[in-house]
2 protein chains.
Amino acid sequence: MSNTHSFTAENYLKAIYHLSTGNNSVVNTNQIAEMTSTKAASVTDMLKKLAEKKLINYIKYQGVTLTDAGKNAAVNIVRKHRLWEVFLVEKLGFKWDEVHDIAEELEHINSESLINRLDDFLENPAADPHGDPIPDRSGTIHQKKLIKISDMHQNQSGIISGVSEHSSVFLKLLEKMGLTLGAKIRISEIIEFDGSIMLLVNDHADKTISREVAKNILVML
Amino acid sequence: MSNTHSFTAENYLKAIYHLSTGNNSVVNTNQIAEMTSTKAASVTDMLKKLAEKKLINYIKYQGVTLTDAGKNAAVNIVRKHRLWEVFLVEKLGFKWDEVHDIAEELEHINSESLINRLDDFLENPAADPHGDPIPDRSGTIHQKKLIKISDMHQNQSGIISGVSEHSSVFLKLLEKMGLTLGAKIRISEIIEFDGSIMLLVNDHADKTISREVAKNILVML
DNA sequence: TTATTTTTTTAGATTAATCTAAAAAATAAA
DNA sequence: TTTATTTTTTAGATTAATCTAAAAAAATAA
């Protein structure tokens, strides 16, 4: 269980993990370079090292997948990241758009007892401030079924429970419109012209959001 | 104010800071090598870089002192270390002998708002779990006057308020003997033979400690 | 004050992570 | 199925932090 991976290797594993969602289980060099803000040549070098450590399955020119060990390591980093985000928002009073970069640093602190105690201190939260599920200490992720607002139909209602875009500009916009986690919404109209959506937020007056915004808000029905 | 110093440079600054206590304001290469667990040659290399960045005053063969900028950086790391230690003990329930290594990692997280919010969350503690003073956000250290038990005389009493040895074995020993921060002690006898000391702890039965132990416990009269 | 010892620095390598530019492989287009 | 394009890898450098061994300076002892 000893986490002897470097800060840097951890970032690559995390990138591979986030890129291998659902259908796309195999990840390419360029995607990783993009996500880690490095160049393809640097990625190739690191892939060799990660393969050496049996954290990824790597075949030249064919892309990579995580091994069980690699997936464990990645999930553990995600767990740490999300728990720290909860801490920053719930205990220190940061806004949900301010915590990503700090959690990005905190996620590399290596202490299993620290993170498990933090988990308990926060009362074992199920999700981070953006609604993303927090893996439990065994690495299991309990993901609730959420749908995009853009996939809802007229008169359907639900509770905002997540976002799929984490940029500060986007989160601040949602904040301003009252579209925060826990808000109850109901689709009042879908505009035919451009697909923008009118909705009631917490039974208050209609607000209109673009299709682009609607695609990035996740709702529990 | 931007903390763009590497993890490693920060550790050297911290080492120099801790070595330049009171009388010994000039610090030597070998002392730094010892404290950072590196070799003298590595220290020399780093000293050149720190001098380049105006964080230390360095003259070949003569040792180093911190510049104001270097001292600020060092004090800031100490502030972060001690605040995190308070967090670990007060909020997460760690013992005072368990927090050093974790704080050693946490102290390198760079976010001024994080540390100031943490400070407030902890209600601006004056000292860490070992009694060491926590620099305030301006960098000022309010150090209480403390004396070693080994410097006390018979019948004198005081409150244990700090330790000058932070090893786990030592702290566990104190824990076991009830010699923890806040305990009230009274010197009942100083044994002539070997200088060991008998004392009352919180008005309970006499305990005896060696001179060596007594030298490392600090008391407020 | 000269000789010896200790401390510090320099010289030259090593390792990890990165880069650019060029070569090789895979994919897409004609 | 050739040709062109894109993706990926290799080759060769660079930077930061470290090391060992040897040289230089400073401190200590004879």
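Everything numeric in this text was worked out from a predicted model, so none of it was measured.
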| Of all residues at least two apart in sequence or in a different chain, which pass the side chain to side chain donor-acceptor pair (under 3.5 Å) check with A/Thr140? | A/Ser138

| message | Would you say A/Asn30 places a side-chain N or O within less than 4.0 Å of OP1 or OP2 belonging to D/dT6? | response | no

| Between C1' of D/dT7 and CD of A/Glu34, the distance in whole Å | 14 Å

| All side chain to side chain donor-acceptor pair (under 3.5 Å) counterparts of A/Thr38, not counting sequence neighbours | A/Thr36

| request: Give me the bend of the helix from C/dT1-D/dA30 to C/dA30-D/dT1, using the axes of the five pairs at each end, rounded to 10°. | output: 0°

I'd like a table of donor-acceptor pairs (distance under 3.5 Å, sequence neighbours excluded) in which one partner is a side-chain atom from residues 143-152 of chain A, with atom names and distances.
none

| query | For A/Arg137, what residues pass the side chain to side chain donor-acceptor pair (under 3.5 Å) criterion, not counting sequence neighbours? | reply | A/Asp119, A/Asp120

| With sequence neighbours excluded, what pairs up with A/Gln156 under the side chain to side chain donor-acceptor pair (under 3.5 Å) test? | none

| field | A/Glu212 and A/Ser210 side chains, donor-acceptor separation under 3.5 Å | value | no

| query | Applying salt bridge (charged side-chain N to carboxylate O under 4.0 Å, His left out), which residue pairs with at least one partner in residues 30-51 of chain A are found, sequence neighbours left out? | reply | none

| message | Listing request: all salt bridge (charged side-chain N to carboxylate O under 4.0 Å, His left out) pairs with a residue in residues 84-103 of chain A, at least two apart in sequence or in separate chains. | response | A/Asp97-A/Lys172

| query | What does nucleotides 9-19 of chain C look like as a protein-contact string, B for base, S for sugar-phosphate only, - for none, at under 4.0 angstrom between heavy atoms? | reply | BB-----SSBB

